[in-house]
2 protein chains.
Amino acid sequence: MDKTLASLDWSLIQSFLAVADTGSLSGAARRLGASQPTLGRHIRTLENTLKVELFQRHARGFQLTPLGREMRGHAERMAEAMAGLSLVAAGGETRLEGDVRIATSVFMAHHVMPGIIAQMRQQEPDIRIDLVPSDSSENLLFREADIAVRMYRPEQLDMVTKHLGDISLGMFASRAYLDRKGAPRGAEDLHHHDVVGYDSNDDIIREMRAMGIPASREMFAVRCDNQSAYWELVRAGCGLGFCQTNIARKDPEMVEIPLAFPLPHLPVWLTTHEALRHSPRIARVWELLDVGLRPFVS
Amino acid sequence: MDKTLASLDWSLIQSFLAVADTGSLSGAARRLGASQPTLGRHIRTLENTLKVELFQRHARGFQLTPLGREMRGHAERMAEAMAGLSLVAAGGETRLEGDVRIATSVFMAHHVMPGIIAQMRQQEPDIRIDLVPSDSSENLLFREADIAVRMYRPEQLDMVTKHLGDISLGMFASRAYLDRKGAPRGAEDLHHHDVVGYDSNDDIIREMRAMGIPASREMFAVRCDNQSAYWELVRAGCGLGFCQTNIARKDPEMVEIPLAFPLPHLPVWLTTHEALRHSPRIARVWELLDVGLRPFVS
DNA sequence: GTTATGCTATTCATTATTGAATGGATAAAA
DNA sequence: TTTTATCCATTCAATAATGAATAGCATAAC
């Protein structure tokens, strides 16, 4: 085996990749939990050892040279292999303790998960939970999360999934709003009302059109992409809005608006990586999520 | 990104793979140029961080657990990516100095390369040469060599190759042997002579059979796989033997035995990895080998 | 122009890592 | 059995790597 290959410290490549990704020593340092001088030294050592120039030193940061760009691909392949390795390792943990990261939508994280997690903590005090609220999908391969609770069918490969059931949606308004504007009568009447909608997400519009109701972005008086904040807007009386019926019906201030047409249902999927499935603590949290979410997916 | 993934030092994986490959801390230490306690600590750190058991401690060394075996594949993928990276880096070196590893057959390394390398050193004193004599083929992907001089067409992918010409073979015997046994007359007469052959390598037998001459392993009085030692056996008068004519004819003690049938020719191929082709020092050594080998491939 | 911000390079005390040495344990060879 | 050769774990002095602090730049905003 070549001397260079054997003696070159792999952690230098780790640093190289971090600097290449973040574009600066400082950024890479933050990502790796190291300091900026350390990263600077790592890059210099790497360049000196390989006798090549990997970055152009710029006042605003480090920029890859063409050669560095060529090397980056290989470093990324190393990172992927490392991710796979780390996944196998996590799946091999045998004790019923440790951290479990649960990714789910902002809305669920706000309105559903706290109760479930509180119960989990009582039953499994040795399992610490990281809750990752996010409406963009996580990459479970890179362990951005261990278990994801999602409102759509996961499409990543090597995943174990379970469809827990469906969440029914309803249209709601606050009493204050209804006192002011009255309740809508039928689909056409919606045009005379304020509706709270999503901003960049066009789910509502597409669903309404699918129902045969003309809809456009302009019909929304107030828009918000964060679903928790969205719901607070509706509760504050900004207009009509949609919400999971199981949550909204518990709120005495909110009134459900009966609709002539049925709203779509949201499927609830539990997901984890195949390699993690046999880890006791992941399996346990999976089980508790399965049970805990049941009341919400009637 | 997961904390474990980001914070786990990749050099620990490097150590893990070395221990998995060699089966011992000491062996891994030798391979990595580190010490046995260091490797021991690395493995322990890795196991503690990932909270898994990777090896079974045995008195004779370390043995992978099933989980460790699963992880090994990923570690190997990392090593492959690392090899690719290191190759790109080596190809990106811009100076006409450094080390170049030349792999070639034991015989060539003994009888041909020294002169060529001596001349190289005069013309390019800043290029240091590692000569790797080996009759098994090198893996240029892992940079076991930078340039290989081979007697067969290389089959690895991503390789740059050049057919320099062919080497002609002849049958020779020492004067001492001929004085004792006389020269053979024709192919049938070979049975009354001692022939020095290869041991596990059956090239000679296959070639003779291809020529229509009945041959078997038993016809060899003395056998040796190392071709340099083989030739010394022939020179010492152990029997008839084959050799490159260009080399053998320079030896006043050796007499060529004229044969009625033609012997096969050996092709000479120069090989390097695609990624290294544009490195100035590799290109320079390639060029000098091309020129230097010319007299031998008439 | 001036200020604020974000970055890199350098220094130096601190900390963490390393390896030589040692002891103990096991398996193979004499 | 005794010897020999490996191997691993542990210890501790020496070494190497680290990060906080600082200074110096370049850019962007005012």
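Letters A, B, ... are given to chains in the order of the sequence lines, protein chains preceding strands, and every chain is numbered from 1.
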* Please work out whether the ring planes of B/F107 and B/W231 are parallel, tilted or perpendicular, with thresholds of 30° and 60°. => perpendicular

When the distance from [atom1] of [X] to [atom2] of [N] is rounded to whole Å, what number comes out?
| X | N | atom1 | atom2 | answer |
| --- | --- | --- | --- | --- |
| A/L12 | D/dA17 | CG | C1' | 12 Å |
| B/R44 | D/dT11 | CZ | C1' | 12 Å |
| B/E47 | D/dA9 | CD | C1' | 14 Å |
| A/Q36 | D/dG24 | CD | P | 16 Å |
| A/D9 | D/dA16 | CG | C1' | 13 Å |
| A/R57 | D/dT27 | CZ | C1' | 20 Å |
| A/Q56 | D/dC25 | CD | C1' | 17 Å |

* **Verdict with supporting geometry, B/I43 and B/R57, side-chain contact (heavy atoms from CB on, under 4.5 Å)** => CA-CA 11 Å; B/I43 299 302; B/R57 271 76 169 165; 4.2 Å; yes

* Do A/E80 and A/R77 pass the salt bridge (Lys or Arg N to Asp or Glu O under 4.0 Å) test, and can you show the C-alpha distance, the side-chain angles, and the key distance before you say yes or no? -> CA-CA 5 Å; A/E80 281 164 28; A/R77 278 187 45 218; over 6 Å; no

* Any salt bridge between B/E274 and B/R277, counting N to O under 4.0 Å? -> no

* Which is true for B/R41 with a 4.0 Å heavy-atom rule: it touches a base, it touches only sugar-phosphate, or it touches nothing? -> base

* To do: Measure centre to centre between the rings of A/Y198 and A/F220, then say whether the value is under 6.0 Å.
  => no

* Asked: By a strict heavy-atom criterion of less than 4.0 Å, which residues belonging to residues 60-67 of chain A are in contact with DNA chain C?
  -> A/R60, A/G61, A/F62

* Could you check which residues of residues 21-30 of chain B get a heavy atom under 4.0 Å from DNA chain C? Sort them by number, please. => none

* Structure fact -> DNA chain C nearest-nucleotide lookup for A/P37 and B/H58: closer to the 5′ end is A/P37

* Show your reasoning for whether salt bridge (Lys or Arg N to Asp or Glu O under 4.0 Å) applies to A/D21 and A/R31. => CA-CA 10 Å; A/D21 284 349; A/R31 174 164 136 185; 3.1 Å; yes

* Asked: So where does chain B start and stop touching DNA chain C, 5' to 3', when the test is distance under 4.0 Å to a non-hydrogen atom?
  -> C/dT18 to C/dA27

* Asked: Around atom CZ of A/R121, are there more than 12 heavy atoms of other residues, nucleotides or ligands at under 6.0 Å?
  -> yes

* Asked: Does the pair B/R101 and B/D146 meet the rule for a salt bridge (Lys or Arg N to Asp or Glu O under 4.0 Å), with working shown?
  -> CA-CA 5 Å; B/R101 294 167 69 84; B/D146 295 314; 5.7 Å; no

* May I ask you to test the A/L50-A/L8 pair for a side-chain heavy-atom distance under 4.5 Å? => yes

* Asked: Does D/dT18 have OP1 or OP2 sitting under 4.0 Å from an N or O in the side chain of A/H42?
  -> yes

* Between A/E47 (side chain) and A/L54 (backbone), is there a donor-acceptor pair under 3.5 Å? -> yes

* B/R281 side, atom CZ; B/T94 side, atom OG1 - distance, nearest 0.5 Å -> 10.5 Å

